[in-house]
Engineer: 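Sharing a structure here in structure tokens format.
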Amino acid sequence: MESIKNRRTIRKYKQQDISADLLNELLEESFRASTMGNMQLYSVVVTRDAEMKAKLAPAHFNQPMVTSAPVVLTFCADFNRFSKWCRQRKAEPGYNNFISFLNAATDALLVTQNFCTLAEENGLGICFLGTTIYNPDQIIEILGLPEQVIPVATITVGYPDEHPEQPDRLPLRGIVHEERYHDYSPEMIDDIYAYKELLPENKHFVEINHTETLAQIFTNIRYKKSDNDYMSAGLKRVLIQQGFLDE
């Protein structure tokens, strides 16, 4: 698919609506993704209302795509629906545990990727917001998510109003392991990351942030340990709150 080869993240959208028919068709097709035990452990919240998007924006660090995109989709790991079905059929569910959250999150992320691929093939642009699991408690409150439902991915969707450069990707040799995992030597690490480190924009990032290496941009500025620890603790609280972990 040419849309996969040429895909790029779109953050600016035309003020052109996405029809309900097209969106529902793409969602229905995306639900053909692989799923744990054919249980379909996911739900999707569609947000079109400007006021609701404005409420969601702070949970995503006020990234402008949240309010400017015609549609915001929140993909949720959902064991609520399946558990209620079990109870209504005289079967006691045992899904209030971490492995069940992982199964539901995997289901939801498989559907998310399916949707993104289908949307791009149909001329839409998307942006994946990794902030969803940073502030899940805020999203849960805004969207009214019940116990055993946790947001795991947010996608902004619209018709593209930009054509940015494709982001770089590591070479195949740096990711694919034949038969068994082969750990990386220092020389291999140098080789795999050489292209990324030599890109003019990345060299510029290093310069303006006064760091010695590109890796320090990630560890010292973008994804700091203190932030990761704080958000990990928050996610653990949400897993307890939503019934997937015991205190």
Side-chain angles (χ1 to χ4, degrees), residues 1-27 29-30 33 44-75 108-135 138-139 142-143 151-172 175 193 195-209 211 214 217-218 221-223:
M1 294 169 65
E2 289 300 311
S3 59
I4 291 180
K5 293 180 185 177
N6 297 314
R7 82 151 309 276
R8 58 205 72 214
T9 295
I10 301 298
R11 295 179 173 85
K12 295 181 181 178
Y13 305 98
K14 296 177 181 177
Q15 291 309 298
Q16 177 181 349
D17 198 17
I18 302 171
S19 72
D21 286 345
L22 174 58
L23 185 63
N24 287 336
E25 179 183 339
L26 295 175
L27 286 169
E29 290 178 7
S30 74
V44 186
V45 180
V46 179
T47 303
R48 293 180 181 269
D49 181 72
E51 186 177 337
M52 285 296 292
K53 286 188 279 189
K55 289 180 179 179
L56 284 170
H60 297 290
F61 302 153
N62 291 306
Q63 294 178 85
M65 304 83 73
V66 179
T67 52
S68 64
V71 175
V72 177
L73 299 177
T74 305
F75 291 81
L109 292 172
L110 286 169
V111 165
T112 302
Q113 181 57 66
N114 249 18
F115 175 84
C116 292
T117 301
L118 290 162
E120 290 170 329
E121 181 68 6
N122 281 269
L124 296 170
I126 65 95
C127 181
F128 170 79
L129 303 183
T131 44
T132 305
I133 58 171
Y134 292 173
N135 296 304
Q138 296 178 40
I139 299 170
I142 293 164
L143 300 182
V152 293
T154 300
I155 306 295
T156 59
V157 193
Y159 291 96
D161 196 24
E162 64 173 346
H163 191 74
E165 292 293 323
Q166 273 193 299
D168 62 282
R169 290 292 185 264
L170 296 178
L172 196 69
I175 298 172
Y193 286 92
Y195 178 77
K196 181 185 287 287
E197 291 176 327
L198 292 173
L199 286 172
E201 58 266 35
N202 287 339
K203 293 175 76 173
H204 181 61
F205 286 153
V206 171
E207 181 181 351
I208 64 175
N209 285 286
T211 61
L214 180 62
I217 299 290
F218 288 85
I221 299 172
R222 295 185 66 189
Y223 304 104

Engineer: Side-chain contact, heavy-atom cut-off 4.5 Å: L26 with L124?
Structural biologist: yes
Engineer: Pairs in or reaching into residues 61-71: which pass salt bridge (charged side-chain N to carboxylate O under 4.0 Å, His left out), with residues at least two apart or in two chains?
Structural biologist: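 Pairs touching residues 61-71 that pass the test: none.
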Engineer: Under the side-chain contact (heavy atoms from CB on, under 4.5 Å) test, which residues partner E51, sequence neighbours left out?
Structural biologist: D49, K55
Engineer: Evaluate the criterion side-chain contact (heavy atoms from CB on, under 4.5 Å) for residue pair I126 and R7; output intermediate values, then yes/no.
Structural biologist: CA-CA 9 Å; I126 65 95; R7 82 151 309 276; 3.6 Å; yes
Engineer: Are side-chain heavy atoms of T211 and I221 found at a separation under 4.5 Å?
Structural biologist: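 Yes, close enough: below the 4.5 Å cut-off.
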Engineer: Which residue pairs pass the salt bridge (charged side-chain N to carboxylate O under 4.0 Å, His left out) test with at least one member in residues 66-75, sequence neighbours excluded?
Structural biologist: none
Engineer: Verify side-chain contact (heavy atoms from CB on, under 4.5 Å) between V45 and I139, making sure each step is shown before the conclusion.
Structural biologist: CA-CA 11 Å; V45 180; I139 299 170; over 6 Å; no
Engineer: Does Y195 OH have over 12 foreign heavy atoms under 6.0 Å away?
Structural biologist: no
Engineer: Under the rule for salt bridge (charged side-chain N to carboxylate O under 4.0 Å, His left out), what residues qualify as partners of E2, not counting sequence neighbours?
Structural biologist: K5
Engineer: Which residues pass the side chain to side chain donor-acceptor pair (under 3.5 Å) test with T132, not counting sequence neighbours?
Structural biologist: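 T132: side chain to side chain donor-acceptor pair (under 3.5 Å) contacts with T154.
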Engineer: For D17, give me all partners under salt bridge (charged side-chain N to carboxylate O under 4.0 Å, His left out), at least two apart in sequence or on another chain.
Structural biologist: R48
Engineer: Would you indicate whether I133, at its atom CD1, is surrounded by more than 12 heavy atoms from other residues, nucleotides or ligands within a distance under 6.0 Å?
Structural biologist: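 12 or below, so no.
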Engineer: Which atoms form the tightest heavy-atom contact between T47 and K53, and what is the distance?
Structural biologist: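 It is CG2-CG, 3.6 Å.
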Engineer: My understanding is that only residues two or more places apart in sequence, or in another chain, count here; which of them pass side chain to side chain donor-acceptor pair (under 3.5 Å) with E121?
Structural biologist: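 Side chain to side chain donor-acceptor pair (under 3.5 Å) list for E121, sorted by chain: S3.
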Engineer: Which donor-acceptor pairs under 3.5 Å do the side chains of residues 197-208 make with protein atoms, sequence neighbours left out?
Structural biologist:
from	atom 1	to	atom 2	distance (Å)
N202	ND2	K196	O	2.7

Engineer: On a heavy-atom basis, which atom in P58 and which in N135 lie closest, and how many Å separate them?
Structural biologist: O-ND2, 4.5 Å
Engineer: Identify, with sequence neighbours excluded, every residue that meets side chain to side chain donor-acceptor pair (under 3.5 Å) alongside R11.
Structural biologist: none
Engineer: Closest heavy-atom contact between L22 and S19?
Structural biologist: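 Smallest interatomic distance, heavy atoms only, reads N-OG, 3.0 Å.
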Engineer: Hey, what do you get for CG (N6) to NE2 (H163), rounding to the nearest 0.5 Å?
Structural biologist: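 Here the rounded value is 7.5 Å.
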Engineer: So, do V157 and Y13 sit near enough that their side-chain heavy atoms are less than 4.5 Å apart?
Structural biologist: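 In short, these two side chains do not touch, never coming nearer than 4.5 Å.
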Engineer: Looking at residues at least two apart in the chain, or sitting in another chain, which of them share a side-chain contact (heavy atoms from CB on, under 4.5 Å) with Q63?
Structural biologist: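 In terms of side-chain contact (heavy atoms from CB on, under 4.5 Å), with neighbours along the sequence ignored, Q63 is linked to H60, M65, L129, T131.
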Engineer: Starting from the C-alpha separation in whole Å, work towards a yes-or-no answer on side-chain contact (heavy atoms from CB on, under 4.5 Å) for M52 and L143.
Structural biologist: CA-CA 9 Å; M52 285 296 292; L143 300 182; 4.0 Å; yes
Engineer: Can you confirm whether more than 12 heavy atoms, excluding those of Q166, are under 6.0 Å from its CD atom?
Structural biologist: yes
Engineer: Going from OH on Y159 to CD1 on I18, what distance comes out if it is rounded to the nearest 0.5 angstrom?
Structural biologist: 6.0 Å
Engineer: Only pairs under 3.5 Å count here: list side-chain donor-acceptor contacts from residues 108-115, not counting sequence neighbours, and write none if there are none.
Structural biologist:
from	atom 1	to	atom 2	distance (Å)
T112	OG1	A108	O	2.7
Q113	NE2	T117	OG1	3.1
N114	ND2	S30	O	3.2

Engineer: Report all side-chain donor-acceptor pairs from residues 67-75 shorter than 3.5 Å, counting only partners two or more places apart or in another chain.
Structural biologist:
from	atom 1	to	atom 2	distance (Å)
T67	OG1	P64	O	3.3
S68	OG	P64	O	3.0

